[in-house]
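Reading through the structure tokens given below for one structure.
The model shown is predicted, which means the values in this text are computed figures rather than measured ones.
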Amino acid sequence: MNAALKPAESNKWLGALRWGRPGAGAGGTRNIAGTTVLHDALEAELANLHGKEAALLFGSGFAANEAALSTLGRTFADCVIFSDSDNHASMIAGIRHSGAERRIWRHNDLDHLEALLSATPRQRLKIIVFESVYSMDGSIAPIAAICDLADKYGAFTYLDEVHAVGMYGAEGGGVAEREGVAHRIDLIQGTLAKAYGVVGGYVAGDALAIDAIRSFSPGFIFSTALPPAVAAGALASVRHLRMSNRERDGQRRAVAKVRAALDHGGVSTFDNTSHIVPILIGDAKRCKAISDRLLEEFSVYIQPVNFPTVPKGTERLRITPGPLHTDAQIAALAASLTETLQAEGL
């Protein structure tokens, strides 16, 4: 593990709760009494996780994306933002609120991205905004190739690792860490609410970029800080997953077993290499009906994903296997899905 906080220092931060000093809430914004040693320690841990100089906490991943992207677009004059067509709603909101010119490139289409970059004057600041793991279809971005284009055209890179932090990489730093390219990304955004099991979001990058967001983002300046207990829980979770691969290995095994069981049952899933296993239904009412039947008859909960989260006509069920799912549960899932989909004529 990289040297973030020495064990004694980590215990000191976590011990702050035992000292009884922080309350249930932070008591204010980060700039006005809302910062504790726990917030500072968590930001230092997250920065070190991604190999960056600094990190900044937010109340959610959505808030982190919206605040960071809107601030970047407003701060840099004559900025052009290049956004993958499948980017999350929070990224889209941040880009829109920035007021910057935006250009949409087809999902993971490097030729289209390069065509847009090459058509933009080199002197204009360019920001390439994309995700590592796309939550609705489970596809993974070609991060290294995107970084190559960023180098070629002098672009700034902004990577959303929300669906990857904790789950990919030797220490849970995400797909960029797994592929050895985190150092090539200017800003990495993540969440504490998925693999880390708490709540909150963050951005990590060089100190100047983080300070710009800290200084000019209304979403940071005027929002109450995360509760100290949440920061402590997130710190413990991040530190645990930096040292333990048991959970990541368990999830990979569960994903492989789910895919094999569904394939054996004749259930078609999206072809991807991530932990997200979507099943295309293509109709909102049928998707909801299938979800209801799975829950009512088999006690299997798979939420239907409909518009506006996905385009109309691409409604789907989405399965995300976890390391604690047992072989018996996976077999029951496959059997119930096979029976239900057959009953629906799918």
Side-chain angles (χ1 to χ4, degrees), residues 2 4 42-69 72 83-84 86-92 94-95 107-108 127-147 150 156-206 209-210 213 234-235 237-242 245 247-248 251-252 255 272-276 320:
N2 294 331
L42 177 55
E43 287 176 338
E45 191 74 39
L46 291 167
N48 188 269
L49 169 67
H50 294 293
K52 302 302 181 186
E53 293 178 346
L56 194 63
L57 290 170
F58 289 86
S60 69
F62 191 108
N65 267 334
E66 195 283 330
L69 288 169
L72 289 173
S83 177
D84 186 286
D86 283 9
N87 276 343
H88 189 264
S90 59
M91 304 170 83
I92 295 170
I95 293 168
H107 177 55
N108 279 351
I127 304 176
I128 302 174
V129 179
F130 62 109
E131 301 182 42
S132 58
V133 179
Y134 288 84
S135 62
M136 288 300 112
D137 60 13
S139 60
I140 294 180
I143 301 176
I146 292 172
C147 289
F156 187 96
T157 49
Y158 184 103
L159 175 64
D160 179 313
E161 288 262 34
V162 160
H163 291 275
V165 289
M167 292 177 280
Y168 296 83
E171 296 183 11
V175 177
E177 185 204 4
R178 183 189 71 179
E179 298 182 359
V181 294
H183 65 286
R184 302 182 66 188
I185 301 295
D186 293 299
L187 274 178
I188 293 177
Q189 183 265 353
T191 185
L192 303 169
K194 298 188 185 302
Y196 294 125
V198 194
V199 70
Y202 64 90
V203 289
D206 68 47
I210 295 300
I213 298 168
L235 178 58
S237 185
V238 172
R239 288 187 65 83
H240 171 75
L241 286 177
R242 293 189 73 178
N245 277 307
E247 293 81 3
R248 286 185 283 276
Q251 182 172 50
R252 283 192 288 270
V255 171
N272 64 53
T273 60
S274 73
H275 64 285
I276 296 171
T320 52

* Check step by step if side chain to side chain contact (heavy atoms under 4.5 Å, CB included) holds for L46 and L57. => CA-CA 9 Å; L46 291 167; L57 290 170; 3.8 Å; yes
Minimal heavy-atom distance between A141 and I146, with the atoms involved, is CB-CD1, 4.3 Å
Exercise. With a 4.5 Å heavy-atom cut-off, do I185 and I143 have their side chains touching?
Worked result: yes
In this structure, CD1 of I188 is separated from NZ of K52 (nearest 0.5 Å) by 4.5 Å
Of all heavy-atom pairs linking A47 and A54, the shortest is CB-C, 3.6 Å
Worksheet item: Run the side chain to side chain contact (heavy atoms under 4.5 Å, CB included) check on L69 and M91 step by step: do they pass?
Response: CA-CA 7 Å; L69 288 169; M91 304 170 83; 3.9 Å; yes
The reported gap from CG in L241 to CE in M167 (rounded to nearest 0.5 angstrom) is 10.0 Å
request  = Would you check if E43 and I210 make a side-chain contact, meaning some heavy-atom pair closer than 4.5 Å?
outcome  = no
When every non-hydrogen atom of L159 is compared with those of S132, the smallest separation belongs to CD1-N, 3.4 Å
Strictly distance-based, threshold 3.5 Å: is any side-chain N or O of T191 a donor or acceptor partner for the main-chain N or O of G200? yes
**pair V255-Q251: side-chain heavy atoms closer than 4.5 Å** = yes
Heavy-atom donor-acceptor pair, E161 side chain to A176 backbone, under 3.5 Å:
yes
Output for pair (Y158 OH, N65 CG), nearest 0.5 Å, gives 4.0 Å
Problem - Verdict with supporting geometry, E66 and F58, side chain to side chain contact (heavy atoms under 4.5 Å, CB included) - result: CA-CA 10 Å; E66 195 283 330; F58 289 86; over 6 Å; no
With sequence neighbours left out, the residues meeting side chain to side chain contact (heavy atoms under 4.5 Å, CB included) with A170 are E177
D206 side chain vs A209 backbone, donor-acceptor pair below 3.5 Å: yes
Separation between OG1 (T157) and CG (L187), nearest 0.5 Å, reads 8.0 Å
Donor-acceptor pair, side chain of D84 and main chain of E131, under 3.5 angstrom: no
Closest heavy-atom pair, A234 versus L192, reported as atoms and distance to 0.1 Å, is CB-CD1, 3.9 Å
query = Quick one: does D160's side chain have a donor or acceptor within less than 3.5 Å of a partner on Q189's backbone?
reply = no
Looking only at heavy atoms, the pair that brings G173 and V165 closest together is O-CG1, 4.3 Å
Could you check if a side-chain atom of V133 sits within less than 4.5 angstrom of a side-chain atom of V175, using non-hydrogen atoms only?
-> yes
CD1 of I128 to OG of S83, rounded to nearest 0.5 Å, is 11.0 Å
Between the CZ atom in F62 and the NE2 atom in H88, the distance rounded to the nearest 0.5 Å is 7.0 Å
Shortest non-hydrogen pair, I276 vs G138, comes out as CB-CA, 3.9 Å
What's the verdict on side chain to side chain contact (heavy atoms under 4.5 Å, CB included) for N108 and Y134, showing C-alpha distance, side-chain angles and the deciding distance? CA-CA 10 Å; N108 279 351; Y134 288 84; 4.0 Å; yes
_Given 3.5 Å as the limit, does a donor-acceptor pair link the side chain of R242 with the main chain of G172, or not?_
no
